There are 2 protein chains.
Amino acid sequence: MTDLDHNTEQQIFRAARKIFTLKGYNGARMQEIADEAGINKALLHYYFRNKDKLFEGVFRDVLKTLFPGLTNILTADLPLFEKIPLFVSQYIDILTNNPEIAGFVLYELRLNPQRLVGNLRDIGIDMDLIRSQIESEVAAGIIRPVKPEHLIANLISMTIFPFIARPVLMSIAGMDEAHYTKFIEERKRIVPETIIQSLKPIQ
Amino acid sequence: MTDLDHNTEQQIFRAARKIFTLKGYNGARMQEIADEAGINKALLHYYFRNKDKLFEGVFRDVLKTLFPGLTNILTADLPLFEKIPLFVSQYIDILTNNPEIAGFVLYELRLNPQRLVGNLRDIGIDMDLIRSQIESEVAAGIIRPVKPEHLIANLISMTIFPFIARPVLMSIAGMDEAHYTKFIEERKRIVPETIIQSLKPIQ
DNA sequence: GTCTATAAACAGATAGAC
DNA sequence: GTCTATCTGTTTATAGAC
């Protein structure tokens, strides 16, 4: 399956990814996807049978953008204080390039949680590994004890949420586009700093 | 306008709030709202003219659940270290009772950011007030310097995100319903602790 | 493979009886 | 105020020509 073999199929898929992530499953129209791809509506059905199957493909594709490389960082063989900034920085870069996908995935999963089934492999984090890393760093006096669920929750919350809540944050803080961009860039430093400070043992 | 005067209207509104927050504007069906309210579809139009107006009312109502009391806490006359746990605890209680509204509001706002216009009053936080409180507590040696945008972003991210990402968090951490409930309750302690630790001056 | 034309189902909205 | 019946427009999906 080379790039040239399925040029139209790829064009459709790219258009579908754009429209679906922007408008959601229920808000997306097959006609709009066809327009975006510059082809006829009937071709969508020729290549992908129906809206559901097209969406399913896009959703898997978006999950692959969002998860695998990142869960790898979390389970890499690095001290927590190195892992955390790496994770935040890479995640912010991905979301800066794909600003809609976090909100898209979480919303569609809430509408339809069973979409997780069958895609769990892409999302899973080895919590036991993180738990044992925490235990050994606690034993070494590097960090204070913390439950892995809460550490992970804090980390991804502070990293992802500003992308989901963008309009609200801009509004309450009175930011324009430029401010928001700067704000996001600053979070590469702020988020790790916040977590690391909270993890340091009390001297 | 007493409760008894508009019993049907209220029934419809409650049903609409349930269906809209659960399925979103695009996913909600007037028929389903009518069924939920136990009345006929035509009555929806009799009371609320059309789907847009019905949604508009629900959206405002949800904003009122989500914001006013909380922004009040943030601008109350209390030390930061007291405000923060209060905010987290109250927000978690509200979201526990209305688990879908955070995701609902943020998603609908992303689809349609202009919904903020005209509702800004409900959402606004007086950032200058928070900024000056930070400055004075820094001057008093109680906390380290921090930009108000980031403090607020950290606070609401860690508080709200676990409700939006519920299925993902449950999945990656292998939690069942009971675990998740306990996890959320724990965050009333964890979130303030994390922020406060990160704010304490280095001794 | 790609198109035009159209079928089939659905969803929002209204007319009009009671 | 509340209902049944129906209209109108939209949207997914297919048939069939090229």
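Not measured: the values here are computed from a predicted model. Chain letters run A, B, ... following the sequence lines, proteins first, then strands; residues in each count from 1.
Note: NZ (A:Lys53) to C1' (D:dT12) measures 14 Å, nearest angstrom. When rounded to the nearest whole Å, the span between CE of B:Met30 and C1' of C:dG12 equals 7 Å. Taking atom CG on A:Asn7 and atom P on C:dG1, their separation rounds to 12 Å, with Å as the unit. Note: CG (B:Asn50) to P (D:dT10) measures 15 Å, nearest angstrom. Protein atom CG of B:Asn26 is 10 Å distant from nucleotide atom P of C:dG12, rounded to whole Å.
Distances shorter than 4.0 Å separate some side-chain N or O of A:Arg29 from OP1 or OP2 on D:dT12.
Taking 4.5 Å as the limit, some side-chain heavy atom of A:Met158 sits within range of a side-chain heavy atom of A:Ile195. Taking the side chain as every heavy atom from C-beta outward, A:Leu169 and B:Ile156 approach each other to under 4.5 Å. With a 4.5 Å cut-off on side-chain heavy atoms, A:Ile73 and A:Gln90 count as touching.
Counting only Watson-Crick and G-U wobble pairs whose two key distances fall under 3.5 Å, DNA chain C forms stems of three or more stacked pairs at C:1-18 with D:1-18.
Applying the side chain to side chain donor-acceptor pair (under 3.5 Å) definition to pairs two or more places apart or across chains, those involving residues 150-165 of chain B are A:Glu186-B:His150, A:Arg187-B:His150, A:Arg187-B:Asn154, A:Thr194-B:Asn154. For residues 123-136 of chain B, the salt bridge (Lys or Arg N to Asp or Glu O under 4.0 Å) pairs, not counting sequence neighbours, are B:Asp128-B:Arg131.
The stretch residues 11-22 of chain B does not touch DNA chain D, since none of its heavy atoms comes less than 4.0 Å from the strand. Across residues 31-48 of chain A, A:Lys41, A:Ala42, A:His45 each have a non-hydrogen atom less than 4.0 Å from an atom of DNA chain D (numbered order).
Crowding of A:Arg144 atom CZ: a count of heavy atoms from other residues, nucleotides or ligands under 6.0 Å exceeding 12.
A salt bridge links B:Arg166 with B:Glu177: the closest approach of a Lys/Arg side-chain nitrogen to an acidic carboxylate oxygen falls below 4.0 angstrom. The existence of a salt bridge linking B:Asp35 and B:Arg29 is excluded, since no basic side-chain nitrogen approaches an acidic carboxylate oxygen closer than 4.0 Å.
Distance from the side chain of B:Thr8 is smallest to D:dT2 among C:dA13, D:dT2, D:dA13.
A:Glu36 pairs in a side chain to side chain contact (heavy atoms under 4.5 Å, CB included) with only one of the listed residues (A:Arg14, A:Lys18, A:Gln31), which is A:Lys18. Checked options B:Lys23, B:Lys51, B:Lys41; the residue passing with B:Glu32 is B:Lys23 (criterion: salt bridge (Lys or Arg N to Asp or Glu O under 4.0 Å)).
In this view, B:Phe48 satisfies the ring-ring contact (aromatic ring centres under 6.0 Å, His included) rule with no residue, not counting sequence neighbours.
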